[in-house]
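Just follow the structure's listing: the first ligand is 1, and inside any ligand the first atom is 1. Just so it is clear, the values below take in all heavy atoms, side chains as well, and ignore hydrogens, waters and symmetry mates. Each residue takes its place number in the sequence, starting with 1.
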Amino acid sequence: MISSAFAATPALMPLPVTVRPATGKLTLDATFKAALVSAPDARLDAAIGRFVVRLSRQTGIPMLGLKEATPKLRIECARPGSDYPTLGEDESYTLDVTPEGALLKAPTRAGALHGLETFAQLVTLTQDGFVVPSVHIEDNPRFPWRGLMMDSARHWMPLEVVKRNLDAMAAVKLNVFHWHLSEDQGFRVESKRFPMLHQEGSDGLFYTQDDIRGVVAYARDRGIRVVPEFDIPGHTQAWLVGYPELGTNPGPYEIGRKWGVYENVLDPSREETYAFLDAFFEEMTALFPDPYFHIGGDEVVAKQWNASARVQAFAKQNNLKDAHAIQAYFNQRVQKLLTRRGKILIGWDEVLHPDLPKDIVVQSWRGQKSLADAATQGYRGILSFGYYLDHLSTAAFHYAVDPLSGDADRLAPAEKARILGGEMCMWAEYTTSEMVDSRIWPRAAAVAERLWSPAATRDVDSMYARMEAVSRGLEWTGVQHRANYAPMLERMTGGRPTEPLRVLADAVEGLGLGPRARAGKYTSLTPMNRLADAARPESESVRALELAAAKVVADPKGSPTEAALLRREFARWAANDARFQELAAESPLLMELKPLSRDLAALGDAGLKLLDALEKGQPPAAAFVAGQTKEITRMEKPAAELNLAATRPVKLLLKAGK
Ligand code: ACM
């Protein structure tokens with residue numbers, strides 16, 4: 001545990017297993033040098049080089065690796081480990097920092113990479129400049145499979161977006177990049193064998209095979225495995241544009257533009273389908289060295305299979321009693337094709353079926369029960385239910401989800417051991433490449449901690465405090481989760497000063513997939529330029545106000561700093577509306593926000609009155625409390641696909657006044 005003496009030191013996330021602070025600190029300056037002191041390892045050397053460049057950016061200190069300087073960070077790696085990151089390999093490391101220098105020791109390259117990231121998180125600004133506090137750290141992960149799934153198919157994610165997110169993943173010790181590469185709305189990989197897949201199915205937005213090899217190497221160098229997903233037999237409309245003969249229905253087909261689940265599915269009754277997939281896998285498995293190959297398998301709509309005389313005759317002939325049995329047959333065929341190429345099948349939880357061999361991996365997305373069921377039946381599994389970043393839930397919500405709790409409680413130790421970890425899902429219906437970083441970070445860091453740190457690491461306030469600090473540190477990896485905010489707001493004001501919009505934007509939170517899907521009007525051609533797109537999933541400034549409000553309520557006279565913070569912010573809200581309405585009159589993108597801005601001003605006024613009452617020790621008038629309670633209840637309903645987060649601190653004060 002971190003002792004209070006360490007509390008002023010930098011934020012580590014995931015929290016290491018053991019952190020033992022010591023006295024003193026290592027000062028960082030232009031003589032800083034990091035060096036591998038064990039057997040030469042070109043790949044680790046390159047990683048150390050990148051690490052120093054990032055440290056230099058993070059601190060603004062030139063770090064040229066001067067010849068005459070002695071290394072301040074020495075890295076000892078017992079053996080390189082596997083050439084490509086391997087599930088279950090030793091990822092441990094120890095890090096000792098003293099005023100004289102730091103020593104990072106790891107059994108393999110994987111651990112050394114993690115230790116470098118911990119060192120970067122330790123860097124903090126003090127009166128003496130940038131330092132790393134003296135410390136002894138011992139660390140290793142709780143789960144071997146710690147992933148992020150990115151959907152490059154619904155909205156296109158350019159190569160640089162993928163790469164910068166790989167850098168951020170490495171920074172929080174995630175080790176699996178699950179790449180969702182095909183969908184109804186797009187087939188995103190160049191196929192030389194079946195060129196109509198990407199030519200007809202992608203609007204010209206696809207990764208070349210060189211791009212793919214580049215990403216795999218980029219990820220590998222950062223200790224990250226790449227698991228490709230080609231979702232079959234559903235979610236395949238974009239395949240069928242170029243190859244309609246693969247479909248159950250004859251077509252013709254178009255690239256999907258709407259979101260939601262489509263009825264078009266591959267034809268499981270024709271040998272030609274399997275011959276196609278065989279040749280397709282031959283090409284794609286050669287691009288991806290990871291032994292695991294994801295075939296999706298989710299949300300297969302039975303309608304076309306049920307309506308097709310050919311599929312029904314086939315089902316009868318093969319004793320397949322329903323669509324689930326047909327899909328299980330299809331999966332068995334696919335599994336054999338993959339096994340022939342040395343690959344292990346992984347699929348969404350719908351693939352779970354006793355006819356499949358026990359080496360497949362099940363990815364639970366519809367609940368934790370399917371993960372427990374899989375483990376009971378002898379399958380290995382990973383958890384994604386509860387880790388859907390596109391729902392824009394709070395970090396606290398995701399943080400509370402543990403792969404080994406809930407339904408997994410009932411499992412025997414040997415069954416629990418089959419649960420390999422988890423993966424976050426970043427589906428891209430309501431996310432473009434511009435804002436995707438802000439939908440992943442910083443919340444993904446909280447899940448990274450759940451998957452890495454000991455199960456007992458659960459304190460939510462500590463998590464938020466560290467996550468907010470780590471969020472700033474992540475900027476140095478290149479992700480733009482913070483950097484893209486200002487330009488997105490500027491676009492909405494047409495270049496006019498954004499301050500009144502910024503005040504509102506900081507006080508709201510964007511809605512996730514569920515409510516936006518229910519709004520029902522989105523396609524891949526819908527502009528994504530509203531405040532609902534720019535706003536953060538979780539407002540950091542409102543959270544600070546909630547913490548302050550809780551303190552003021554607990555101790556109205558003893559919390560002057562918190563009261564002053566609340567007063568300043570409430571006054572800002574109250575004064576903001578006049579300026580906002582003026583700005584909104586000039587921009588069509590701001591029109592829908594006018595009522596929200598008025599509500600924010602009203603919350604500011606109410607908050608100031610409640611603070612006055614609390615500080616005077618007089619309860620607010622009953623009629624005022626009743627009126628405000630009703631108003632806040634109204635404001636809690638989303639508007640313009642936003643939540644007015646600002647209600648929360650005011651509600652805390654209001655409750656205290658009751
Ligand atoms: C899924 O979210 N359809 C796997």
Problem - Listed partners of Ala325 passing side chain to side chain contact (heavy atoms under 4.5 Å, CB included), at least two apart - result: Leu320, Asp322
Problem - Set of ring pair (Phe, Tyr, Trp, His ring centres under 6.0 Å) partners for Tyr207, sequence neighbours left out - result: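 Residues passing ring pair (Phe, Tyr, Trp, His ring centres under 6.0 Å) with Tyr207: Trp156, Trp179.
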Practice task
Could you check whether the rings of Tyr274 and Tyr329 sit parallel, tilted or perpendicular, using 30° and 60° as the cut-offs?
Solution key: perpendicular
Problem - Any residue meeting side-chain hydrogen bond (donor to acceptor under 3.5 Å, both in side chains) with Tyr388, in chain and number order, not counting sequence neighbours - result: none
Exercise for the section: Mark yes or no: Arg225 above the aromatic ring of Tyr84, with NZ or CZ under 6.0 Å from the six-membered ring centre and no more than 45 degrees from the axis. Expected result: no
Practice task
In plain terms, say whether Arg366 and Glu299 are close enough for a salt bridge, that is, a side-chain N and a carboxylate O under 4.0 Å apart.
Solution key: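 So Arg366 does not pair with Glu299 through a salt bridge.
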Hey, what polar pairs (N/O, under 3.5 Å) does ligand 1 make with protein?
| from | atom 1 | to | atom 2 | distance (Å) |
| --- | --- | --- | --- | --- |
| ligand 1 | 2 (O) | Tyr388 | OH | 2.5 |
| ligand 1 | 3 (N) | Asp298 | OD2 | 2.6 |
| ligand 1 | 3 (N) | Glu299 | OE1 | 3.3 |

